[in-house]
Amino acid sequence: MSKKIEGILTAIVTTFDENGDFCPKRMRKQVQRQLNHGNSVFCNGTNGEFFVLTQQEKIKVTEVCVDEVSGRSPVMSHIGEISTRETIKLGKQIEKLGVDAVSVIAPYFIPLKQEELIYHYSTIADALTVPVYLYNIPARTGNTILPETAAKLAEHPNIAGIKDSAGSAESLQAFLDVAKSLDNFDVLTGPDSLIYQGFVSGAVGSISGLANVAPGYINAIWKNFKAGDLDKSKAAQDAVGDLRKNLYATVFSPAAVKKALTLMGEEVGVSRYPIQFSDDHIATIKTIVNQL
């Protein structure tokens with residue numbers, strides 16, 4: 001039986017060696033680092049550089065994460081590909097590894113109608129046995145999962161919820177409103193700026209890229225919320241506000257996260273994203289991490 005998805009799941013970086021190849025040893029260290037701070041693992045997401053990984057690398061990343069977690073917390077793996085067929089093909093391999101859930105990004109590059117999104121997700125959920133979470137990130141895909149579409153898909157017994165990374169409080173609240181009227185459909189926040197607001201409004205968890213850099217700070221938002229101390233939870237959210245704003249202002253945020261980890265002494269390798277860091281970028285990120 002799958003573990004309940006709740007709290008902080010770190011959108012964990014995919015570690016590479018000096019040659020730019022996947023490094024399981026470094027991956028295990030990052031998994032342990034997150035577990036030590038009370039966070040669960042979400043692998044092969046945007047911070048995990050999913051669209052520059054091969055299918056076999058995605059399988060290996062998931063295998064290493066599941067093995068290292070060893071049942072101590074939930075593991076979710078992203079399986080979204082452009083086509084329904086390839087998503088199912090990857091999903092069938094991933095679900096064999098013992099993940100507790102999978103997430104599926106809306107297809108990117110191809111403009112889709114809402115009924116086509118319903119077909120895509122329903123077909124995937126039909127084909128898999130592991131719980132499926134929708135993943136809404138329209139700025140990257142060009143396709144928006146509307147709240148009414150999510151409500152329709154929530155009728156499927158194998159669709160468990162949605163990760164909303166649209167970036168606005170309005171989008172998040174619309175999905176939370178949908179979830180309130182449904183059983184067994186959960187909302188996970190994507191933007192690090194909305195973790196606290198999500199929890200107080202009914203979100204069950206957050207998938208956080210910033211937790212790679214500040215795992216304890218991000219976990220404190222959840223830990224204090226769960227303990228009923230909303231003031232401390234809000235204070236923890238406020239504490240990472242400038243960190244997020246300043247770090248994400250440098251370059252594409254997942255690449256900035258990986259560079260920050262490297263400057264913190266974490267061996268994670270160089271991002272495959274073709275991002276160039278200027279001397280000013282490096283200086284800014286050094287200042288940010290030295291304040292942690």
Side-chain angles (χ1 to χ4, degrees), residues 5-6 9 11 42-48 50-51 76-88 90-91 94-95 99-128 130-195 197-199 201-209 253-254:
I5 303 297
E6 65 176 4
L9 289 86
F42 173 86
C43 61
N44 293 329
T46 307
N47 278 271
F50 79 89
F51 47 87
M76 182 186 291
S77 182
H78 174 253
I79 63 167
E81 303 287 346
I82 294 178
S83 75
T84 310
R85 179 180 182 274
E86 288 302 308
T87 302
I88 291 172
L90 178 60
I94 293 293
E95 70 179 2
V99 295
D100 297 284
V102 295
S103 78
V104 180
I105 197 170
Y108 41 101
F109 195 80
I110 308 165
L112 296 176
K113 302 180 179 68
Q114 293 301 301
E115 56 265 33
E116 292 167 331
L117 287 172
I118 291 172
Y119 166 79
H120 176 71
Y121 281 110
S122 297
T123 304
I124 293 165
D126 284 343
L128 301 181
V130 68
V132 173
Y133 283 75
L134 318 177
Y135 182 176
N136 185 47
I137 183 167
R140 301 295 174 205
T141 65
N143 288 308
T144 300
I145 303 171
L146 295 178
E148 52 266 36
T149 298
K152 178 66 176 177
L153 286 167
E155 297 173 6
H156 195 291
N158 201 36
I159 292 180
I162 186 168
K163 175 196 176 186
D164 180 41
S165 292
S168 72
E170 292 76 16
S171 176
L172 176 62
Q173 189 58 55
F175 289 116
L176 288 167
D177 289 343
V178 167
K180 286 176 184 177
S181 63
L182 299 169
D183 293 327
N184 302 316
F185 186 80
D186 292 330
V187 176
L188 306 170
T189 60
D192 294 298
S193 59
L194 296 174
I195 299 173
Q197 182 172 337
F199 284 144
S201 300
V204 302
S206 174
I207 298 176
S208 169
S253 58

Tell me, do Leu153 and Ser122 make a side-chain contact under 4.5 Å, heavy atoms counted?
yes

Exercise: identify the closest heavy-atom pair between Val187 and Leu176
CB-CD2, 3.7 Å

Taking the side chain from Gln114 and the backbone from Leu146, do they hold a donor-acceptor pair closer than 3.5 Å?
yes

Side-chain touch Leu117/Leu134, heavy atoms, less than 4.5 angstrom:
no

Is it the case that the side chain of Glu116 and the backbone of Lys113 share a donor-acceptor pair, with hydrogens and angles ignored and the cut-off at 3.5 Å?
yes

What one should report as the nearest heavy-atom pair of Ala203 and Thr189 is CB-CG2, 4.0 Å

Using every non-hydrogen atom in the two residues, find where His120 and Ile105 come nearest and quote the distance to one decimal.
NE2-O, 4.4 Å

Is the shortest side-chain heavy-atom distance between Tyr121 and Thr149 below 4.5 Å?
no

How long is the span from the OG1 atom in Thr123 to the CG atom in Leu128, to the nearest 0.5 Å?
10.5 Å

Quick check for you: to the nearest 0.5 Å, what is the distance between Ile159 atom CD1 and Leu182 atom CG?
12.0 Å

Write down the atom of Pro138, the atom of Thr144, and the distance for their closest heavy-atom approach.
CB-OG1, 3.2 Å

Between Asn136 and Phe175, is a side-chain contact (heavy atoms from CB on, under 4.5 Å) present by the stated rule, with each step listed?
CA-CA 10 Å; Asn136 185 47; Phe175 289 116; 3.6 Å; yes

In the structure I gave you, are the side-chain heavy atoms of Glu95 and Val102 within less than 4.5 Å of one another anywhere?
no

Criterion side-chain contact (heavy atoms from CB on, under 4.5 Å) on Met76 and Leu188, from CA distance to verdict
CA-CA 12 Å; Met76 182 186 291; Leu188 306 170; 3.9 Å; yes

So do the side chains of Asp186 and Ile5 get within less than 4.5 Å of each other, counting heavy atoms only?
no

Sidechain-backbone polar pair: Ser181 side chain, Val178 backbone, donor-acceptor under 3.5 Å:
yes

Find the distance between CG (Leu194) and OG (Ser168) and round it off to the nearest 0.5 Å.
7.5 Å

Which distance, rounded to the nearest 0.5 Å, do you find between the CG of Leu9 and the CD of Glu6?
9.5 Å

With under 30° as parallel and over 60° as perpendicular, where do the rings of Phe51 and Tyr108 fit, or are they tilted in between?
tilted

Any idea which heavy atoms bring Asp192 and Gly209 closest together, and the distance?
OD1-N, 3.7 Å

Shortest non-hydrogen contact between Asn47 and Ala11, atoms and distance
CB-O, 3.1 Å

Enter the distance from Ile79:CD1 to Cys43:SG here, rounded to the nearest 0.5 Å.
11.0 Å

With a 4.5 Å heavy-atom cut-off, do Thr46 and Arg140 have their side chains touching?
no

After noting the C-alpha distance and the side-chain angles of Ser77 and Val130, does the key distance pass the side-chain contact (heavy atoms from CB on, under 4.5 Å) rule?
CA-CA 11 Å; Ser77 182; Val130 68; over 6 Å; no

side-chain contact (heavy atoms from CB on, under 4.5 Å) between Asn158 and Asp126, intermediate numbers included
CA-CA 7 Å; Asn158 201 36; Asp126 284 343; over 6 Å; no

Atom CG of Asp177: over 12 foreign heavy atoms under 6.0 Å:
yes

Let me confirm one number: the CD1-OG distance from Ile195 to Ser208, rounded to the nearest 0.5 Å.
4.5 Å

Any salt bridge (charged side-chain N to carboxylate O under 4.0 Å, His left out) pairs touching residues 157-169, not counting sequence neighbours?
none

Give me the ring orientation class for Phe42 and His78: parallel if the planes are under 30° apart, tilted from 30 to 60°, perpendicular past 60°.
tilted

Do Leu112 and Pro107 make a side-chain contact, defined as non-hydrogen atoms from C-beta onward lying under 4.5 Å apart?
yes

